[in-house]
2 protein chains.
Amino acid sequence: MKMGESVEWTLHCATVLAALPDGAVLPASALAEFHDISESYLLKQLRAMTAAGLFASIPGPKGGYRLARQPEAISLLDIVLAVEGDEPAFRCSEIRKCGPTASSPSAYSATCAIHAAMWNAERSWRASLASTSLSEITRRIGRSLSAEVRAKAQVWFTANVRA
Amino acid sequence: MKMGESVEWTLHCATVLAALPDGAVLPASALAEFHDISESYLLKQLRAMTAAGLFASIPGPKGGYRLARQPEAISLLDIVLAVEGDEPAFRCSEIRKCGPTASSPSAYSATCAIHAAMWNAERSWRASLASTSLSEITRRIGRSLSAEVRAKAQVWFTANVRA
DNA sequence: GTCCCTATACTCGGATAGCAAGTGTCCGAGTATAGGCGG
DNA sequence: CCGCCTATACTCGGACACTTGCTATCCGAGTATAGGGAC
């Protein structure tokens, strides 16, 4: 019950992409440098993001990544599922149907109570993430940014953002 | 974002233990046979369950496992955390503090917005699991049990349960 | 007949291999640019 | 001076090793029991 470290990378990268002006792009090398993470591995995640239709990639020089939709239309759940896969965390193997009490399939018409409870919990988790948009996160980050970090980021952006 | 298969095993075993009369125990071999799963590996999980204070183990012949508390006082969250560990699924590495915008620690007094949002979601998940007791699950399972399965289970219980 | 002792067999407990998935890295395909050349 | 062509260098994309953690297993320590023997 622990998710990959790449989720954190992707979420942070999404907030960076959300902060740049319309139409502008940022190469993967810049995204990796901004958080001081492995560029090669980040590319793998960015590719998954592109396949999911969340990010858009522009090839060639002056190319890079940008959000495929407006930040308001992207939820944290979208990003998490794109990286980790959309399968539920709890997978029911139906072991209740095994062993000495095994009976005909018709005896198990009701869904597994444990399976139902676990998926109920995951539904709450997903609902919480789905209700939080990327724009909301960037807003909060923008508000809590110190003057020093804000200034450094502005300098870095003007040097790396490509129209 | 997927939890181990052993969680399912442990949850089902907990429902079985919850079904047996007060003071009675069930050896690990019987629990493994009931669900047709590996006994050796199940023992590992049962040990974790005992260490967490959820199950109690009785050594020697006529020994086995039983619940350490009443089923009403055990939640699904207790079991899941005992098996998977109580660390949050999302771990914040604070990568926001890395890279070209890095500043003094005092500049990051506010908690990471992404971290907060992810933990908020996990809190919903945990709350859902914490609000479901083991007794509630056994009740639901008991209601949905077919006559055939119920009869087989009763026979198996009288043969394996130890006072 | 009763009590005690001993050997037994069964239980759980921890330490040890195997495997899958996440992690990290590399090289190749494609494209807009920048410079040079010709008109 | 202007337009076209070519070489370039940069981008993303997919295929290949490595490490961590889950999965699976085995052997050893401990204990209540069952049987036998002595009183």
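Throughout, a chain's letter reflects where its sequence line sits, starting with A, and its residues are numbered from 1. Computed over heavy atoms, backbone and side chain alike; hydrogens, waters and symmetry mates excluded. Small disclaimer: the values here were computed from a predicted structure and weren't measured.
Side chains of B/Asn120 and A/Thr132 form no contact here, defined as non-hydrogen atoms less than 4.5 Å apart. Side-chain contact check for A/Arg123 versus B/Ser128: every heavy-atom pair is 4.5 Å or farther apart.
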Listing time: all N or O pairs from protein to nucleotides 17-19 of chain C that are below 3.5 Å?
none

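Within a heavy-atom distance below 4.0 Å of DNA chain D, no residue of residues 6-21 of chain A is found. Near DNA chain C, meaning a heavy atom under 4.0 Å from it, residues 76-93 of chain A has no residue at all.
Here the side chain of B/Arg150 pairs a donor or acceptor atom with the backbone of B/Gly142 at under 3.5 angstrom.
At D/dT23, one or more side-chain N or O atoms of B/Tyr41 fall inside 4.0 Å of OP1 or OP2 (strictly under the cut-off). The phosphate of C/dT25 (OP1 or OP2) has a side-chain N or O of A/Ser38 nearer than 4.0 angstrom.
Grouping Ile, Leu, Val, Met, Phe, Trp and Tyr by side-chain contacts under 4.5 Å, direct or through others, puts A/Val25 with A/Ile58.
Sorted by first then second residue, the ring-ring contact (aromatic ring centres under 6.0 Å, His included) pairs that include residues 137-163 of chain B, not counting sequence neighbours, are B/Phe34-B/Trp156. Every pair passing ring-ring contact (aromatic ring centres under 6.0 Å, His included) that includes a residue from residues 12-32 of chain A is listed here, sequence neighbours excluded: A/His12-A/His35. Residue pairs meeting the side-chain hydrogen bond (donor to acceptor under 3.5 Å, both in side chains) criterion with at least one partner in residues 52-67 of chain B, sequence neighbours excluded, are absent. Counting only residues at least two apart or in different chains, ring-ring contact (aromatic ring centres under 6.0 Å, His included) contacts with residues 130-151 of chain A are absent.
Taking the ring pair (Phe, Tyr, Trp, His ring centres under 6.0 Å) definition, one finds that B/Trp9 meets it with B/Tyr41, sequence neighbours left out. With sequence neighbours excluded, no residue satisfies ring pair (Phe, Tyr, Trp, His ring centres under 6.0 Å) with B/His115.
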Per-nucleotide protein contact along nucleotides 11-20 of chain D, 5' to 3', at a 4.0 Å heavy-atom cut-off (B base, S sugar-phosphate only, - neither), is SSSBB-----
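Taking atom CG of residue B/Leu42 and atom P of nucleotide C/dG13, one finds them 12 Å apart after rounding to whole Å.
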Acceptor/donor pairs from residues 72-95 of chain B side chains to any protein atom, 3.5 angstrom cut, sequence neighbours excluded:
unit_1	atom_1	unit_2	atom_2	d
B/Ser75	OG	B/Leu77	N	3.4
B/Ser75	OG	B/Asp78	N	3.2
B/Ser75	OG	B/Asp78	OD2	3.1
B/Asp78	OD2	B/Ser75	N	3.0
B/Glu84	OE1	A/Met1	N	2.1
B/Glu84	OE2	B/Gly4	N	3.0
B/Arg91	NH2	A/Met3	O	2.8
B/Ser93	OG	A/Glu8	OE1	2.9
B/Glu94	OE1	B/Arg96	NE	2.8
B/Glu94	OE1	B/Arg96	NH2	3.4

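With hydrogens and angles left out, the side-chain atoms of A/Ser135 and A/Ser133 include a donor and acceptor closer than 3.5 Å.
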Stepwise side chain to side chain contact (heavy atoms under 4.5 Å, CB included) check, A/Leu31 with A/Leu46: CA-CA 10 Å; A/Leu31 280 170; A/Leu46 294 176; 4.2 Å; yes
